[in-house]
Number of protein chains: 2
Amino acid sequence: MSIHMRPSQALRLWQQAALDEAAAGRPDLSFRQAAILLTIYLDPPPHTVRGLAARLNVTKPVVTRALDTMGALNLVSRHRDPADRRNVLIRRTVEGSLYVESFGDRIVARAAELPL
Amino acid sequence: MSIHMRPSQALRLWQQAALDEAAAGRPDLSFRQAAILLTIYLDPPPHTVRGLAARLNVTKPVVTRALDTMGALNLVSRHRDPADRRNVLIRRTVEGSLYVESFGDRIVARAAELPL
DNA sequence: AAAAACGGATACGGTTCCGAAACATTCAAT
DNA sequence: ATTGAATGTTTCGGAACCGTATCCGTTTTT
């Protein structure tokens with residue numbers, strides 16, 4: 001049972017959620033950053049820079065930089081892979097989990113409010 | 001009849017849409033920019049810098065700069081208000097309409113694909 | 001052991017963005 | 001006509017981001 005919505009509802013939902021994010025004074029993530037963050041939190045680990053770059057079809061420095069800023073915000077953390085020390089494994093954090101969770105909750109709430 | 005979705009579905013939807021945007025090589029809009037763009041296209045005109053800034057709870061330069069970049073992308077256009085020449089009226093463009101429309105369509109498509 | 005391949009970070013030049021403050025232009029009030 | 005307020009833009013120093021290319025450490029291959 002899939003989710004049905006009309007384009008106007010989808011756009012309104014996106015607007016409301018974006019307004020929430022902007023107004024809440026939260027970090028102003030870009031689409032790319034959001035995609036990286038959500039991929040880390042939704043897709044099964046392990047996550048590497050290379051893997052994320054391939055998944056998003058962007059270059060490695062883009063991922064490195066996104067991890068720099070999100071790491072500074074404590075939304076993700078980096079650790080060397082002990083097995084293959086070339087790899088960097090990206091892991092979730094408590095703060096990142098809270099951020100993602102509340103983000104999801106807000107979307108659900110906004111979706112429920114959508115006008116016909 | 002409102003839209004029901006679970007947080008996991010909302011997050012997955014957001015991820016898929018963000019991945020689409022990132023992969024499509026489209027301009028990498030931030031939440032704020034997206035909120036401004038969608039407000040221009042969803043809320044009834046006229047739209048002014050001040051009005052948008054108030055709606056988004058951001059400062060005026062933020063709106064001015066967002067309009068600079070979106071204007072360069074031909075997503076919006078600016079015109080002085082003939083009635084009160086202090087005002088700048090922000091208007092939609094053909095390209096912006098296409099962008100917003102296809103964005104909405106993509107969200108709808110992704111929503112329909114969501115797993116249970 | 002030497003060379004090639006791999007994963008990630010860094011350097012570079014350039015663009016965009018931020019918040020705060022100052023700015024020009026226009027309108028309204030006196 | 002002057003003053004004052006309102007609207008939008010610009011400036012400033014500082015930060016983040018882009019893509020391309022290069023570098024560094026590690027692992028694999030020969």
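Excluded from the calculations below are hydrogen atoms, water molecules and symmetry mates; all remaining heavy atoms, backbone and side chain alike, are included. None of these values were measured; they are calculated from a predicted model.
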Undergrad: Starting at CG of Leu67(B) and ending at C1' of dC18(C), how long is that distance when rounded to a whole Å?
TA: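 These atoms are roughly 16 Å apart.
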
Undergrad: What I want to find out is whether Glu21(B) reaches Arg106(B) closely enough, with some N-O distance under 4.0 Å, to be called a salt bridge.
TA: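 Judged by the 4.0 Å cut-off on N to carboxylate O distance, Glu21(B) and Arg106(B) do form a salt bridge.
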
Undergrad: Below 4.0 angstrom from OP1 or OP2 of dA9(C), is there any side-chain N or O of Thr64(A)?
TA: yes

Undergrad: Under 3.5 Å, is there a donor-acceptor pair between the side chain of Arg91(B) and the main chain of Val76(B)?
TA: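 Between the backbone of Val76(B) and the side chain of Arg91(B) there is no qualifying donor-acceptor contact (under 3.5 Å).
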
Undergrad: Does the side chain of Asn87(B) come under 3.5 Å of the side chain of Thr48(B) through a donor N or O and an acceptor N or O?
TA: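 No, no side-chain donor-acceptor pair sits under 3.5 Å.
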
Undergrad: Can you check the Ile90(A) CD1 to dG7(C) P distance for me, whole Å?
TA: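 In whole Å, dG7(C) P lies 13 Å from Ile90(A) CD1.
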
Undergrad: Show me the protein contacts with nucleotides 16-26 of chain D, counting only N or O atoms at under 3.5 Å.
TA:
from, atom 1, to, atom 2, distance (Å)
dC17(D), OP1, Gln33(A), NE2, 2.4
dC17(D), OP1, Thr69(A), OG1, 3.2
dC17(D), OP2, Thr69(A), OG1, 3.4
dC18(D), OP1, Arg32(A), NH1, 2.9
dC18(D), OP2, Arg65(A), NE, 3.3
dG19(D), OP1, Arg32(A), NH2, 3.3
dG19(D), N7, Arg65(A), NH2, 3.2
dG19(D), O6, Arg65(A), NH1, 3.2

Undergrad: Which pair of non-hydrogen atoms, one from Ile90(B) and one from Leu67(B), has the smallest distance, and what is that distance?
TA: CG1-CD1, 3.6 Å

Undergrad: Do any N or O atoms from the side chain of His47(B) and from the backbone of Ile40(B) form a donor-acceptor pair under 3.5 angstrom?
TA: yes

Undergrad: How many whole angstroms separate atom CG of Leu29(A) from atom C1' of dT16(C)?
TA: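 That distance rounds to 17 Å.
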
Undergrad: Rounded to the nearest angstrom, tell me the gap between atom NE2 in His79(B) and atom P in dT26(C).
TA: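 Nearest whole value for this atom pair: 18 Å.
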
Undergrad: Rounding to an integer number of Å, can you tell me how far Arg50(B) CZ sits from dC27(C) P?
TA: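 So the CZ-P distance, Arg50(B) to dC27(C), works out to 17 Å.
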
Undergrad: Within the structure, does a side-chain N or O atom of Asn87(B) lie under 4.0 Å from either OP1 or OP2 of dG8(D)?
TA: yes

Undergrad: How many Å lie between CG on Leu73(B) and C1' on dT16(C), as a whole number?
TA: 12 Å

Undergrad: Is a salt bridge present between Asp43(B) and Arg12(A), judged by a nitrogen-to-oxygen distance below 4.0 Å?
TA: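 Yes, charged N to carboxylate O under 4.0 Å.
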
Undergrad: For Leu89(B) and dA6(D), what is the distance between atoms CG and C1' respectively, to the nearest whole Å?
TA: 15 Å

Undergrad: Measure the distance from NE2 on His47(B) to C1' on dG8(D) and round it to the nearest whole Å.
TA: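 One finds 17 Å between C1' of dG8(D) and NE2 of His47(B), rounded.
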
